[in-house]
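Accompanying notes for the structure given below.
Proteins get letters first, then strands, A, B, ... in listed order; numbering begins at 1 in each. A quick note: this is a predicted structure, and the numbers were derived from the prediction, not measured.
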Number of protein chains: 2
Amino acid sequence: MNNTETYKRIVDTTYALFAEHGIDKTSMAMIAKEVGITKPAVYYYFSSKEELVDFLFEEICKEIDFAKCFTIEAYTKNNFQAKLLSDGFKMIQDQENDAFFSRVINEYILVSIRNEKYRQTFYSITEGFMNGFVDLLTKGAQFGVVTNEKLTTKAQLLSMVIDNIGNYMLMGFKIDYNEIWAEAVHNVLKSED
Amino acid sequence: MNNTETYKRIVDTTYALFAEHGIDKTSMAMIAKEVGITKPAVYYYFSSKEELVDFLFEEICKEIDFAKCFTIEAYTKNNFQAKLLSDGFKMIQDQENDAFFSRVINEYILVSIRNEKYRQTFYSITEGFMNGFVDLLTKGAQFGVVTNEKLTTKAQLLSMVIDNIGNYMLMGFKIDYNEIWAEAVHNVLKSED
DNA sequence: GTCTATAACTGGATAGAC
DNA sequence: GTCTATCCAGTTATAGAC
């Protein structure tokens, strides 16, 4: 594996083709053609399609992390509501900006239902979001800005909402996702306004 | 198309195989073998795989309908909360009972991302849920049991939650979905208890 | 209605030359 | 490192016998 330039081009091209055609319907021949080399040349870098698919999967999963989206340490009693809102808004914005990324993730998620290895990874990531929200809300409760009741349930609700917003975007709904997130957040906060 | 018995067996078998292996990885040969006939015999009933896939899609879509899950006419001022809860619980229960069904839907969703016809159908179904909840909440507001503010947003939130519950189930999360739904419903109702 | 047989093609993957 | 050439398994689909 000397020519890292080719290697990189294979990965980038595959990423784009997966987004456009899906994993199954992207053949090694298509990838090779798009990169401008031949099939055996691709096999020089990735010994099988599975290896290439797996590699991209790992790369992508690194990007999806609760701690990257919601920085618990930065939350204070005074900024709690504003920060919970804005971190969500940012996540929504990111998904709107990089539809490519969302599509590929979605592709892997749907495939994961029949692939135990992928399923477990997504399970862990989603679990990370649910647990992360529990931690965040627990902190909020200590600050006295979040109601203590049904904290886990509220955390799961937040996780489900932020997660499904991406799906609705992909489906093409032009609705106010920020407002939906705001409504979900409003539900976990102690009554104000 | 004389032997409707064979026809029915093909459809049922395909349904099961799609749930187990996915649409792409279920071949006409597999279907034939599982039914106990040969490939050309399957082609006698369905002139192409696409036709078979389409037929199953139509069948399945008929089952997913807001009006079937939430019977607006049955809602009154007094039963509103209880009915909104129980209709959701029933939907959750149904999905738990028929994991096969959920899996096949998931399979079609995957295809729909790159198939305009399927995508539009799913779009309409989901839109039907969002609009249905708007109608329902509007009725609730007239009864005085639902807050009038941000009614559309609240409806979209309900739609997202009930929709994603199915996904979380497929991923294998053993959490209290009823409680999550109850929490979402609680958010749309005027303050009580 | 269901069969055998086969066409026509596409997919992943590799041997061996350069 | 990248190529040509090739293999082989598996796919949709059909012609034609029974």
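Between A:Lys49 atom NZ and C:dG12 atom P the separation is 5 Å, expressed in whole Å. Atom CD1 in A:Ile23 sits roughly 16 Å away from atom P in C:dG11 (whole-Å rounding). Protein atom CZ of B:Phe46 is 13 Å distant from nucleotide atom P of C:dT2, rounded to whole Å. Atom P of nucleotide C:dT10 and atom NE2 of A:His21 are separated by 15 Å, given to the nearest angstrom. To the nearest angstrom, P of C:dA5 lies 14 Å from NZ of B:Lys39. Residue B:Tyr44 contributes atom OH, which lies 15 Å from atom P of D:dT14 at whole-angstrom precision. Rounded to whole Å, the distance from OH on A:Tyr45 to C1' on D:dC3 is 13 Å. Atom pair B:Asp24:CG and C:dG11:C1' shows a separation of 12 Å (rounding to whole Å applied).
For B:Ser27, the side-chain atoms get nearest to D:dT11 when compared with the rest of D:dT11, D:dC3, D:dT14. Nearest to the side chain of B:Ser48, among C:dA13, C:dT14, D:dA13, sits D:dA13.
Of the inter-residue distances, the one linking A:Ile109 atom CD1 with A:Asp163 atom CG reads 6.5 Å to the nearest 0.5 angstrom. From B:Met130, atom CE reaches atom CG of B:Asp135 across 12.5 Å, with rounding to the nearest 0.5 Å.
One finds a side-chain N or O of A:Thr6 lying less than 4.0 angstrom from the OP1 or OP2 phosphate oxygen of D:dT2. Remark: B:Thr38 is in phosphate contact with C:dC3, judged by side-chain N or O atoms under 4.0 Å from OP1 or OP2.
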Salt bridge (Lys or Arg N to Asp or Glu O under 4.0 Å) assessment of B:Arg114 paired with A:Glu107: CA-CA 11 Å; B:Arg114 259 164 303 267; A:Glu107 192 69 27; 2.3 Å; yes
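Sequence order on DNA chain C of the closest nucleotides to A:Met28 and B:Ala41 puts B:Ala41 first from the 5' end.
With a 4.5 Å cut-off on side-chain heavy atoms, A:Leu110 and B:Ile113 count as touching.
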